[in-house]
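For clarity, every value in this text was computed on a predicted model and none was experimentally measured. One-based numbering, in listed order, for ligands and for the atoms of each.
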Amino acid sequence: MRLYLINPSNPLVSIVRVKESRWNRYRVWKPLGLMVLAGLTGPEWEITILDENRGVPDYAAMPRPDLVGITAFTSQANRAYEVASQFRNLGVPVVMGGIHSTMCLDEAIERVDSVVTGEAEGVWPQVLEDARCHSLKSRYDGGHAEMKDVPLARHDLLGGGYAFGAIQTTRGCPLNCSFCSVTAFNGAKYRQRPIADVVREFQLIREKRVLVVDDNLIGTSAGHIARAKEMFRAMAQAKLRKEWVAQATINFADDEELLALAVKAGCRGVFIGFESPSPEGLLEVGKKFNLMKGRDFRASVRRIQRHNILVVGSFIIGLDIDEPGIGKRIAEAASQYGVDNLNVLFLTPLPGTRLWDQMKSQGRVALDTFPKDWKYYTLTFPVARYKHLSLDEVIEEMVCCDRDFYSMLRIARRVWSNLWQYRKPLIALVGNLSYRSNFRLNCKAYADLKRYWGNRHCF
Ligand code: B12
Ligand code: SF4
């Protein structure tokens, strides 16, 4: 039995445009969900993982599969449906899973043979069995998996050419920020994988560099942090010789022992969501954790960097409190906090989030010809009507922010300060140039977007 597992591409996602910017070579990541699915699949299936981000295969020229599984974030949904229709026209059944089909079940169910909602661990073997017997149901619900049931991902199935391997050690987030899909999809309970499984899986990864995909590697309570420390100790003891980057909340900075253990375990960079430079903005998106009284972001960032860990800060433009000038304000805040890289995204109502419900009910979802418009839901396009910023203004704020933070002068200053602090100046340089070149790609894309959709942004 032949199974194709497909990760659809979206050419509008600038980080996958390797040909247009060679820096993006460092930023194409492995589709871990499909590798986990492969880990749940029995030996009677011959599995091929096809990642369209590495080039779109000529499916017609390939051997006919018995089953196709497609994953999709919202931004990949259109292409997922195109690929599904190609295979269904050949009479090959198509199963779709992942966050988009979970949040937009009715839309997906019309376009594929079967949809798996939620996490697949509990239902995938049944799906395969039903496919083998030609009795696929139109829907299976995996809910939230037991973390001990998460299999070792099949790292062997995706060959070289990726700069980073990928692994997951926890799922779920209790914080439920208004714009984020994680709590809606993976639940509010923070679930941790058995440490022995994490160490074993790390050992299976061929790449030296690894992305730990957890939404928050360390968690938010004392118990979570104690477990993170235990995991870091086990990773250090296993002498994995990996260098990894992860996402975490700002409390990562509050515990020197945690930072030291993370470095021993291989941590080299951390992605932190600051979201807004003002307490009002944090309140608006519900990121209460960053509102802790007396939090000094600059000191927190510096504490992390002192352990030779790079810090990427993420912010959002387009909140209801954001007014003209917000772009410059974010660039200044990020420079003041001292982050090594800045990632700024447009506030985007993703289906299933609290923000989606709010904007939908207020008629503020501007690009709403679905599924066609999903391709713009990359967080790098303004797709909504923003309270104090017109389409032109919100784009201008983004451009102004990126131009300010990624000016050659500021990049040179950051690289110099990395050198001065005995941190990794080369990594900082590559990261900064990569963001800078994507900024140029994004500017071209904004012009196209304005031509097609400009008039929809008016209230
Ligand atoms: C790692 C990651 C990335 C990486 C790698 C992506 C990749 N190729 O895997 C990078 C940095 C590239 C990335 C980029 C983006 N990301 Co991202 N990312 C994540 C993150 C943190 C983890 C994903 C992951 O690997 N999970 C681990 C695996 C095991 O879980 P899983 O994929 O959900 O798979 C399970 C189930 O969903 C299911 N399943 C999945 N696929 C399939 C398929 C079939 C057939 C079946 C049966 C089951 C099934 O089974 C799996 C096992 O249980 C998630 C947050 C999250 N917790 O999911 C955000 C997340 C998925 N990303 C998000 C977004 C918005 C993006 C971007 C659009 C935005 C951006 N500018 O960064 C881009 C788009 C990229 C693209 N190509 O279109 C949103 C998506 C929301 C949505 N509705 O689409 C999320 C949920 C974060 C959030 N804050 O809301 N991302
Ligand atoms: S943005 Fe981060 S902290 Fe907020 S709900 Fe999502 S994963 Fe949790």
*Would you sort out whether Trp374 and Ser75 count as a side-chain contact (heavy atoms from CB on, under 4.5 Å), showing the intermediate values?*
CA-CA 5 Å; Trp374 290 131; Ser75 61; over 6 Å; no
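At a 4.0 Å cut-off, at least one heavy atom of Ser75 sits close enough to ligand 1 to count as contact. Heavy atoms of Gly118 approach ligand 1 to within less than 4.0 angstrom. Using a 4.0 Å cutoff on heavy atoms, Tyr140 does not count as a contact of ligand 1. In this structure, Pro351 has no heavy atom closer than 4.0 Å to ligand 1.
Looking at Ile70, Leu211, Thr71, Ile167, it is Ile70 that brings a heavy atom closest to atom 45 (C) of ligand 1. Nearest to atom 26 (N) of ligand 1 by heavy atom, out of Glu121, Gln168, Glu52, Gln76, is Gln168. Within the set Ser101, Pro31, Ser9, the minimum heavy-atom distance to atom 8 (N) of ligand 1 is found for Pro31. For the residues Thr380, Val213, Leu379, the heavy atom positioned nearest atom 21 (C) of ligand 1 is part of Val213. Considering each of Gly273, Gly97, Pro349, Gly39, the one bringing a non-hydrogen atom nearest atom 48 (C) of ligand 1 is Gly97. Comparing Ala145, Cys180, Ala72 by heavy-atom distance to atom 88 (C) of ligand 1, the nearest is Cys180.
Considering backbone and side-chain atoms alike, Ala120 places an N or O below 3.5 Å from some N or O of ligand 1.
The pair Glu201-Arg193 meets the salt-bridge criterion, with a side-chain N (NZ, NE, NH1 or NH2) lying under 4.0 Å from an Asp/Glu carboxylate O. Ion pairing between a basic and an acidic side chain is recognised when a charged N comes within 4.0 Å of a carboxylate O; Lys30 and Glu207 show such pairing. Note on Asp254 versus Arg295: salt bridge recorded, some NZ/NE/NH1/NH2 to OD/OE distance being below 4.0 Å. Remark: Asp156 engages Arg154 in a salt bridge, criterion side-chain N to carboxylate O under 4.0 Å. Between Arg132 and Asp66, none of the side-chain N atoms (NZ, or NE/NH1/NH2) sits under 4.0 Å from a carboxylate O, so this pair counts as no salt bridge.
The part of Arg171 lying near ligand 1 is the side chain, judged by heavy-atom distances below 4.0 Å. Only side-chain heavy atoms of Asn186 come within less than 4.0 Å of ligand 1; its backbone N, CA, C and O stay farther off. Looking at Leu5 against ligand 1, nothing comes within 4.0 Å, counting heavy atoms. No part of Phe179 comes within 4.0 Å of ligand 1, judged by heavy-atom distances. Contacts between Val36 and ligand 1 below 4.0 angstrom, taking non-hydrogen atoms only, involve the side chain exclusively.
Counting only residues at least two apart or in different chains, salt bridge (Lys or Arg N to Asp or Glu O under 4.0 Å) contacts with residues 165-178 comprise Glu119-Arg171, Glu121-Arg171. Contacts classified as ring pair (Phe, Tyr, Trp, His ring centres under 6.0 Å) and involving residues 134-161 (residues at least two apart or in different chains) are not found.
Taking every non-hydrogen atom of Gly33 and a distance limit under 4.0 Å, the qualifying atoms of ligand 1 come out as 28 (C), 29 (C), 32 (O), 34 (O). Each of the following atoms of ligand 1 lies closer than 4.0 Å to a heavy atom of Trp124: 47 (C). The contact set between ligand 1 and Thr74, taken as ligand atoms under 4.0 Å from a residue heavy atom, comprises 82 (C), 83 (N), 84 (O). Within ligand 1, the atoms closer than 4.0 Å to a non-hydrogen atom of Val95 are 45 (C), numbered from 1 in the order shown. If you number the atoms of ligand 1 from 1 as listed, the ones under 4.0 Å from a heavy atom of Gly69 come out as 45 (C). Set against the non-hydrogen atoms of Gln247, the atoms of ligand 1 under 4.0 Å away are 21 (C). Near Glu119, meaning under 4.0 Å from one of its heavy atoms, ligand 1 places the atoms 53 (O). Of all atoms in ligand 1, listed by their number and element, those nearer than 4.0 Å to a heavy atom of Ser181 are 81 (C), 83 (N), 88 (C), 90 (O).
For atom 2 (Fe) of ligand 2, the closest heavy atom belonging to the protein is Lys287 NZ, 3.9 Å.
Taking the six-membered ring for Trp and thresholds of 30 and 60 degrees, Tyr376 and Phe381 have ring planes more than 60 degrees apart, a perpendicular arrangement.
Judged by distance alone, the side chains of Thr249 and Asn216 do bring a donor and an acceptor atom under 3.5 Å apart. Residues Asn7 and Thr71 have side chains that never bring a donor and an acceptor to within less than 3.5 angstrom of each other. Donor-acceptor pairing under 3.5 Å is lacking for the side chains of Asp320 and Tyr386. Judged by distance alone, the side chains of Ser114 and Arg139 never bring a donor and an acceptor atom under 3.5 Å apart. No donor-acceptor contact under 3.5 angstrom links the side chains of Asn78 and Glu82, judged on distance only.
By the 6.0 Å contact criterion, NZ on Lys189 is open, its count of non-hydrogen atoms from other residues, nucleotides or ligands being 12 or less.
At a cut-off of 2.8 Å, measuring from atom 6 (Fe) of ligand 2, the protein N, O or S atoms that fall short of it are Cys180 SG, waters left aside.
For Phe73 and His100, the ring centers sit 6.0 Å or farther from each other. Between Phe346 and Tyr377, the distance from one ring center to the other does not fall under 6.0 angstrom.
Contacts of Phe315 classified as ring-ring contact (aromatic ring centres under 6.0 Å, His included), with partners at least two apart in sequence or in another chain: Phe274.
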